[in-house]
Colleague: 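Provided herewith is a single structure, encoded as structure tokens, for subsequent inquiry.
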Amino acid sequence: MVRYYLCGLKAYLLATVKITLPDGSVKEYPKATTPMQVAQSISEGLARNVISASFNEETVESTTPLNTDGSLVLYTWRDEGGKRAFWHSSAHVVAQALEELYPGIKLTIGPPIENGFYYDVDFGDHTVSDKDFPEIEKRALEIARGKHEFKMRSVAKADALDHYQKQGNEYKVELIDALEDGTITFCDHDTFTDLCRGGHIPNTGFIKALKILNVAGAYWRGDENNKQLTRVYGISFAKQKELTEYLQLLEEAKKRDHRKLGKEMELFTFSTMVGQGLPLWLPKGAELRERLEQFLKKAQKKAGYEMVVSPHIGQKELYVTSGHYEKYGKDSFQPIHTPKDQEEFLLKPMNCPHHIEIFKSKPLSYRDLPKRYAEFGTVYRYEQSGELHGLTRVRGFTQDDAHIFCTPDQLNEEFKNVIDLSLYVLGSLGFEDFITQVSIRDPEDPDKYLGSPEVWDKAEQAIINAAEEKGINYIIEKGEAAFYGPKLDFMIKDALGRKWQLGTIQVDYNLPERFGLTYKGHDNELHQPVMIHRAPFGSMERFMALLLEHTGGNFPLWLIPDQAVVLPVSEKYENYAEKVLNSLENHEIRALVDKRNETVGKKIREAEVKKIPFMLVVGEKEEETGMIAVRKHGGEDLGSITVEAFANLVEKEISSTLKSF
Ligand SMILES: [Zn+2]
Ligand SMILES: [Zn+2]
């Protein structure tokens with residue numbers, strides 16, 4: 001009996017859990033040790049910085065007892081997970097402040113986002129605008145200073161429903177309705193309670209600086225048939241200095257907003273008569289776009305691509321076969337019906353099926369492959385009006401599309417060639433900071449994808465091999481693949497450190513199968529080709545937006561519509577200005593003369609707004625000596641030089657960015 005008792009006691013004393021840390025080390029801790037205690041056991045310094053954690057890939061609180069073996073990641077502010085917890089917790093605090101300041105409002109959802117957080121609120125009869133922000137911030141920071149702990153608790157579904165039914169909050173009731181009993185948790189802090197899955201900072205006191213950024217309309221569950229709510233955007237930091245820096249960055253981003261620059265530089269416009277989300281390219285913008293297209297066409301020609309042209313609509317059946325109807329049909333533009341023949345056409349959401357039919361136009365053998373068909377093809381996809389944004393979210397856009405049809409043996413080489421072309425495009429446009437992302441399928445959700453697992457494995461491996469052989473740094477993202485195949489995306493970091501997805505390369509075994517594509521092999525048998533979809537710019541519209549915001553409108557010299565403007569100091573020197581223009585044109589420099597009866601000072605200011613790189617002032621002295629006084633955008637004075645010397649300068653600057661492919 002005694003022995004048994006002793007063994008039992010020993011077992012109790014030794015109740016431990018094995019915790020694996022990210023560096024692979026395994027440490028043993030008493031059962032119910034919390035992530036914060038693990039941090040303390042490593043170092044006090046770490047413990048001070050830990051704000052959240054994940055255990056076995058699930059978000060936990062820093063106070064959650066760990067009762068099983070598993071892997072633990074401790075998050076500090078530097079980690080995405082840490083920021084998420086910080087901003088998620090801040091959303092609770094702001095929600096509390098809003099509830100106190102606007103009694104009777106209904107809270108819906110309030111997630112962390114890339115920069116900060118938002119909360120969608122049904123404000124009822126209250127209205128909230130910019131002038132209310134300081135009061136909301138003040139109250140939220142008061143709450144934060146109370147250092148209230150975030151405490152999670154499980155709630156039975158019936159009790160959770162009861163809690164929100166009493167408040168008359170139909171939104172939370174709808175959310176809880178969809179949850180399974182036994183999985184529902186609430187989070188309490190101070191006097192506030194919210195439906196929540198967890199992942200908080202230890203207490204509200206970590207929030208030292210907080211700003212409400214703006215309010216915007218947002219439909220409940222993103223559906224425009226639902227009620228419009230008010231989305232309150234905010235951001236918070238652990239230091240005032242970080243908030244100040246962030247706000248400075250926002251100011252800079254505002255100055256570079258492509259919608260503002262596009263207007264000032266007269267590149268594009270929108271018309272309510274034409275329709276929302278349908279951009280109109282103005283002459284300067286169209287010229288720029290044309291130059292971008294020519295740049296890519298030239299490189300593509302060297303890389304063995306052939307241009308094709310296809311119509312803007314296609315029979316519905318075409319997209320049913322391709323699977324695009326299933327994807328873009330119901331929630332997008334509806335089919336166009338012909339009055340007599342009962343035909344149905346769809347605005348093309350993708351160019352691929354058209355290029356496939358071009359491939360099928362004559363029988364091909366392995367000797368004809370690869371076939372590389374390129375088209376600047378305009379496609380149409382319906383986006384809700386609330387989702388539209390300048391040139392980045394539109395309803396009609398032109399892809400710099402191409403489809404490569406090759407044998408499985410050629411796939412690796414072709415994929416690598418596309419990587420080379422993409423890198424050339426990025427480099428020529430001044431994008432140096434980027435990462436590549438290999439987007440593979442989510443094996444847990446096979447229904448989301450077309451095609452068999454074997455085919456997917458092969459395609460995913462082909463991309464990874466090409467990336468490896470090209471020696472590019474890449475990360476793998478599960479569940480980010482297209483529905484028809486895995487892809488490699490270039491993620492650009494712009495001048496303000498914001499990430500944009502650009503240039504995508506996709507391997508596709510599915511469409512060739514759906515369309516029964518074949519080529520005759522060495523063995524005289526028919527085989528199925530592999531397809532690559534690729535678009536280095538993505539779309540002309542989105543790329544223009546990105547280029548505007550990255551460069552602040554100061555495009556590379558080879559691309560910008562007007563490289564120089566000649567400014568005569570008075571009417572007297574117009575003839576000389578024309579002569580200068582003539583010789584600039586002979587040197588293939590794109591320029592114009594500003595002959596308006598305005599002061600040179602005013603003309604310079606306007607040329608600055610239009611981002612014209614060089615202002616060439618001509619007056620008496622210049623005419624006498626046959627020179628031009630060169631002033632650079634931004635103010636640098638290059639003095640008086642000859643047109644020839646200026647042409648050399650322009651040529652040198654262009655060849656430093658634009659290499660030949
Ligand atoms: Zn929460
Ligand atoms: Zn395609």
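The first residue of the sequence shown is numbered 1, and numbering continues consecutively from there. Basis for what follows: all heavy atoms, side chains included, without hydrogens, waters or symmetry-related copies.
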Colleague: Counting only N and O atoms by type, is there a donor-acceptor contact under 3.5 Å from the side chain of Thr392 to the main-chain atoms of Arg542?
Modeller: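 No; judged by distance alone, with no hydrogens or angles, the pair does not exist.
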Colleague: Is the shortest side-chain N to carboxylate O distance from Lys610 to Glu264 below 4.0 Å?
Modeller: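 Glu264 and Lys610: not salt-bridged.
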Colleague: To check you understand the geometry: which heavy-atom pair defines the closest contact between Ala459 and Val507, and what is its length?
Modeller: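 Heavy atoms of Ala459 and Val507 come nearest at CB-CG1, 3.7 Å.
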Colleague: In Å, rounded to the nearest 0.5 Å, how long is the span from CE of Met540 to CZ of Arg289?
Modeller: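 CZ of Arg289 is found 6.0 Å from CE of Met540.
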Colleague: State whether Arg498 and Glu549 are salt-bridged, where the test is any N-O pair (Lys NZ or Arg NE/NH1/NH2 against Asp/Glu carboxylate O) under 4.0 Å.
Modeller: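 Yes, charged N to carboxylate O under 4.0 Å.
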Colleague: Looking only at side chains, do Thr518 and Lys360 share a donor and an acceptor under 3.5 Å apart?
Modeller: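 No pair is found: no donor N or O on one side chain lies under 3.5 Å from an acceptor on the other.
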Colleague: So that I know where these two stand, are Phe333 and Tyr380 an aromatic pair - ring centroids less than 6.0 Å apart?
Modeller: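 No.
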Colleague: Asp69: which residues meet the salt bridge (charged side-chain N to carboxylate O under 4.0 Å, His left out) condition with it, sequence neighbours left out?
Modeller: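 So Asp69 forms no salt bridge (charged side-chain N to carboxylate O under 4.0 Å, His left out) with any residue.
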Colleague: Other residues, nucleotides and ligands only: do more than 12 of their heavy atoms fall within 6.0 Å of CD on Glu326?
Modeller: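 Open: at most 12 neighbouring heavy atoms sit under 6.0 Å from CD of Glu326.
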Colleague: Please tabulate, one pair per line, all N/O donor-acceptor pairs under 3.5 Å involving side-chain atoms of residues 265-282, not counting sequence neighbours.
Modeller:
residue	atom	partner	partner atom	Å
Ser271	OG	Met273	N	3.0
Ser271	OG	Val274	N	3.0
Trp281	NE1	Glu541	OE2	3.4

Colleague: Please step through salt bridge (charged side-chain N to carboxylate O under 4.0 Å, His left out) for the pair Arg441 and Glu480, ending with a clear verdict.
Modeller: CA-CA 6 Å; Arg441 70 196 192 279; Glu480 291 290 308; over 6 Å; no
Colleague: Counting the benzene-type ring for Trp, do Phe431 and His550 have ring centres under 6.0 Å apart?
Modeller: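 Yes, the ring of Phe431 comes within the 6.0 Å limit of the ring of His550, centre to centre.
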Colleague: What is the minimum heavy-atom distance between Ala467 and Tyr474, and which atoms define it?
Modeller: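 In this case the closest contact between Ala467 and Tyr474 is CB-CD2, 3.8 Å.
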Colleague: Between Glu383 and Arg393, is the closest basic N to carboxylate O distance under 4.0 Å?
Modeller: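 Salt bridge: yes.
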Colleague: Going by an N to O cut-off under 4.0 Å, is there a salt bridge joining Asp494 and Lys499?
Modeller: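 Between Lys499 and Asp494 there is no salt bridge, as every charged N stays at least 4.0 Å from the carboxylate O atoms.
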Colleague: Step through it carefully: locate the ring centre of Phe295, locate the ring centre of Tyr424, and say whether they are under 6.0 Å apart.
Modeller: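 Yes, ring centres under 6.0 Å apart.
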Colleague: Would you call the rings of Phe537 and Phe543 parallel, tilted or perpendicular if under 30° counts as parallel and over 60° as perpendicular?
Modeller: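 Taking Phe543 first and then Phe537, their aromatic rings sit tilted (interplane angle of 30° to 60°).
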Colleague: So, do Tyr325 and Tyr319 have ring centers that fall under 6.0 Å from each other?
Modeller: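 Aromatic pair excluded; centres sit 6.0 Å or further apart.
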Colleague: Can you confirm if the NZ or CZ of Lys458 lies within 45° of the ring axis of Tyr509 and under 6.0 Å from the centre of its six-membered ring?
Modeller: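 Output yes; distance and angle both within limits.
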Colleague: Before we go on, tell me: are the rings of Phe405 and Phe359 under 6.0 Å apart, centre to centre?
Modeller: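 Yes, ring centres under 6.0 Å apart.
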Colleague: Please determine whether salt bridge (charged side-chain N to carboxylate O under 4.0 Å, His left out) holds for the pair Asp257 and Arg259, giving the CA-CA distance in whole Å, both sets of side-chain angles, and the decisive distance to 0.1 Å.
Modeller: CA-CA 5 Å; Asp257 188 320; Arg259 294 167 300 177; 2.7 Å; yes
Colleague: Taking all heavy atoms of Ile612 and all of His633, pick out the closest pair and write down the distance.
Modeller: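 In this case the closest contact between Ile612 and His633 is O-CB, 3.4 Å.
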Colleague: Ignoring hydrogens and geometry, is there a side-chain-to-backbone donor-acceptor pair from Trp558 to Ser428 under 3.5 Å?
Modeller: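 Checked: pair present.
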Colleague: For the atom pair CD (Glu306) and OH (Tyr373), what is the distance rounded to the nearest 0.5 Å?
Modeller: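 Here the interatomic distance stands at 6.0 Å.
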